[in-house]
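Here is the structure we will look at, set down as structure tokens.
Letters go in sequence order (proteins before strands), and every chain restarts at 1. Every heavy atom of this structure was used, including side-chain atoms; hydrogens, water molecules and symmetry mates were not.
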Amino acid sequence: MIRIGDVLVSQGEGGVYSERMLAGARVWDPFRSKLAALYYTGNGVELTADMRVLYLGAANGTTVSHVADYVEVVYAVEFAPRPMQDLLEVARRRKNLVPIMADASRPEQYAPLVEEVDLLYQDVAQPDQAAILARNCAFLRQGGHAILMLKTRSVDIRKTPEEVFHDTIAELAAAGLEVMESVWLSPYHKDHAAIVCIKPGRK
Amino acid sequence: MQSYWFGDVDGEVCTPFTGDAAARARRIRSLRATMDGFIPLTWKDAVACGVCSDRSGYFSALRELCFAAAEQDIREQYAGKDTELLQMVRTLDGMDEMINLLSERVAEWHQVRHPAFSRKYHRTPAHVLVKSISQKQRGALGRVAQQVEQLAAARTDLAREVSSRANLVMPNTSALIGGLVAARLMSNAGGLLPLSRLPASAIQVLGARTALFAHLRTKSPSPKHGIIFQHRRVHNAPKERRGKVARALAGKLAIAARLDYFRGVLVPEFLEGAQARIDRLGAGDKP
């Protein structure tokens with residue numbers, strides 16, 4: 001990851017969401033992006049130039065644009081029409097971004113479009129987040145990483161965030177993933193956690 | 001056989017899909033893969049299929065297709081008749097809030113300028129006061145009052161448009177409670193489809209969320225009506241019968257919303273019985 005001093009940045013064309021520029025690079029704000037927050041609070045997964053990424057829950061393309069600055073290609077899946085309009089606009093200017101309008105919980109809809117990927121990133125804020133991730137692991141190569149952004153308040157409001165956190169980790173392990181790292185994203189995002197997993201097996 | 005975005009692969013044989021951009025976009029939106037033992041495609045499959053010659057060609061073809069499919073999808077979702085009505089009714093509610101707030105503020109401001117002025121015993125509604133301020137006052141106060149007036153005029157036009165649009169989009173619901181209230185119900189539910197899926201009991205208290213959750217959490221009485229209170233047959237009914245009228249109306253509204261979503265045309269034989277039943281309850285007769 002590229003850092004200027006302590007500030008996380010990415011190299012690319014700026015002005016996507018009027019982000020701050022620093023020495024010609026785009027500042028990646030941890031308060032706006034959960035993935036950036038992960039790089040501040042934990043280790044995350046090093047993004048490299050040869051990586052293929054499947055990004056579920058791309059929304060308005062804010063975080064996606066930074067990921068696209070680092071990697072070879074991003075398949076960005078988003079379901080709602082309103083954010084999709086913004087995502088398309090971002091994708092028009094970033095040639096390594098493939099925008100896909102589909103429901104992340106139904107991978108059979110976009111399976112004919114997506115290659116095998118090195119990183120599976122999911123930020124969908126649904127009650128069955130872990131199950132959605134497990135279903136999408138079909139696209140992930142053996143030894144590839146999966147990052148789950150867990151919005152504990154969307155999973156079950158009656159449980160404490162800690163309970164949801166532990167339940168989700170257990171659920172991911174049961175789905176055959178190896179949990180590498182799990183961190184809370186405070187102080188950047190409240191009641192949000194990031195869970196980094198690896199799909200076992202050799203490349 | 002496996003179907004991919006560029007064509008169908010059957011063992012060694014690949015048949016590229018030929019067709020114009022729109023047809024290709026339609027095709028990938030209808031494709032469904034089997035996820036058991038699924039093996040992702042590789043870009044070399046597409047090269048073997050003769051669709052492209054290198055990796056950058058692969059992406060430009062794939063991207064073109066994805067853009068076309070997404071744009072098609074967005075257009076279809078926005079083509080739903082209720083999408084624009086939803087924006088209209090939310091704008092209307094936003095304008096109401098703004099106009100009330102600003103008129104009260106203008107009145108307060110006017111009162112400070114004229115120490116002898118009082119609204120007591122005059123029963124001057126805020127909008128009448130705003131009108132006279134806009135005519136008599138100079139400077140910023142007068143101009144703001146003029147703007148509030150113009151906003152109020154735009155609001156009246158919009159309300160008329162919402163009402164007539166609602167008559168088209170949701171004819172049965174509008175016939176029961178009027179276009180404006182029908183549109184508000186739809187907006188609160190999040191669309192015509194979500195509204196048609198709601199049970200009558202939920203429609204009855206739509207817009208009374210605070211009261212409903214206070215009731216569920218504590219021992220406070222349950223709300224009898226939410227948005228549907230704005231309809232005359234509910235708020236004109238004597239207090240002891242209001243709950244009954246609201247319940248019967250909500251029951252008929254749930255049916256009407258389903259008729260609107262699935263048929264989309266006025267159903268007189270349903271409306272006749274529904275109107276009669278609600279009127280009977282409002283008049284205090286036995287149902």
Side-chain angles (χ1 to χ4, degrees), chain A residues 50 52 54 58 61 68 71-118 120 131-132 134-142 144 157-158 199, chain B residues 1-9 17 24-47 49 51 55-80 83-84 86-87 190-191 213 217:
Chain A
D50 59 350
R52 300 166 187 181
L54 175 58
V71 302
E72 192 217 350
V73 57
V74 183
Y75 294 93
V77 178
E78 174 56 45
F79 184 47
R82 186 50 203 88
M84 193 68 195
Q85 284 174 291
D86 290 338
L87 181 63
L88 289 179
E89 195 53 40
V90 175
R92 270 184 206 110
R93 288 161 163 269
R94 279 189 158 63
K95 305 290 178 213
N96 62 342
L97 223 168
V98 182
I100 298 172
M101 188 159 174
D103 184 350
S105 63
R106 303 185 62 194
E108 65 274 13
Q109 286 184 358
Y110 50 87
L113 301 164
V114 180
E115 342 168 67
E116 193 169 64
V117 295
D118 308 296
L120 174 59
I132 294 175
R135 240 173 284 157
N136 279 283
C137 274
F139 300 111
L140 188 60
R141 74 162 164 84
Q142 290 192 331
I157 196 69
R158 293 164 300 179
K199 187 173 176 177
Chain B
M1 189 191 75
Q2 276 289 358
S3 293
Y4 297 122
W5 64 269
F6 47 82
D8 302 323
V9 178
F17 180 78
R24 265 181 294 164
R26 266 199 304 280
R27 174 174 171 273
I28 62 157
R29 287 175 58 201
S30 63
L31 284 184
R32 297 286 178 274
T34 344
M35 293 309 284
D36 295 334
F38 171 77
I39 301 162
L41 75 157
T42 71
W43 65 281
K44 294 204 169 102
D45 294 337
V47 176
C49 212
V51 183
R55 190 143 169 85
S56 78
Y58 175 82
F59 280 123
S60 64
L62 174 60
R63 269 166 50 90
E64 195 188 323
L65 188 59
C66 285
F67 272 98
E71 276 159 12
Q72 235 177 46
D73 210 343
I74 293 174
R75 215 173 303 127
E76 268 172 37
Q77 293 213 23
Y78 284 168
T83 328
E84 199 186 345
L86 198 79
Q87 295 298 333
F213 281 99
R217 258 199 293 271

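Side-chain contact between A:Val114 and A:Ile100 is present, with heavy atoms from C-beta onward closer than 4.5 Å.
Ranked by non-hydrogen atom pairs under 4.5 Å with chain A, the options B:Phe67, B:Trp43, B:Trp5 are led by B:Phe67. Taking A:Ala138, A:Pro99, A:Ala102, A:Ala80 one by one and counting their heavy-atom pairs under 4.5 Å with chain B, the maximum is reached by A:Pro99. Ranked by heavy-atom pairs under 4.5 Å with chain B, the list A:Asn96, A:Leu97, A:Leu87 is led by A:Leu97. Taking chain B as the reference chain and counting heavy-atom pairs below 4.5 Å, the highest number among A:Gln109, A:Glu78, A:Arg82 is found for A:Gln109.
In the model, A:Glu115 has no side-chain atom that pairs as donor or acceptor with a side-chain atom of B:Tyr58 under 3.5 Å.
When heavy atoms are compared at a cutoff of 4.5 Å, A:Val117 does not approach chain B at all. For B:Ala70, the parts lying under 4.5 angstrom from a heavy atom of chain A are both the backbone and the side chain. Residue B:Arg27: no heavy atom, backbone or side chain, is found under 4.5 Å from chain A.
By the ring-ring contact (aromatic ring centres under 6.0 Å, His included) test, B:Tyr4 pairs with B:Phe6, sequence neighbours left out.
For A:Asp118 (side chain) and A:Arg52 (main-chain N/O), a donor-acceptor pair under 3.5 Å exists by modelled atom type.
Using cut-offs of 30° and 60° on the angle between ring planes, the pair A:Tyr75 and B:Phe59 is tilted.
For residues 65-74 of chain B, every residue pair satisfying the salt bridge (charged side-chain N to carboxylate O under 4.0 Å, His left out) rule, not counting sequence neighbours, is listed here: A:Arg92-B:Glu71, B:Arg29-B:Asp73.
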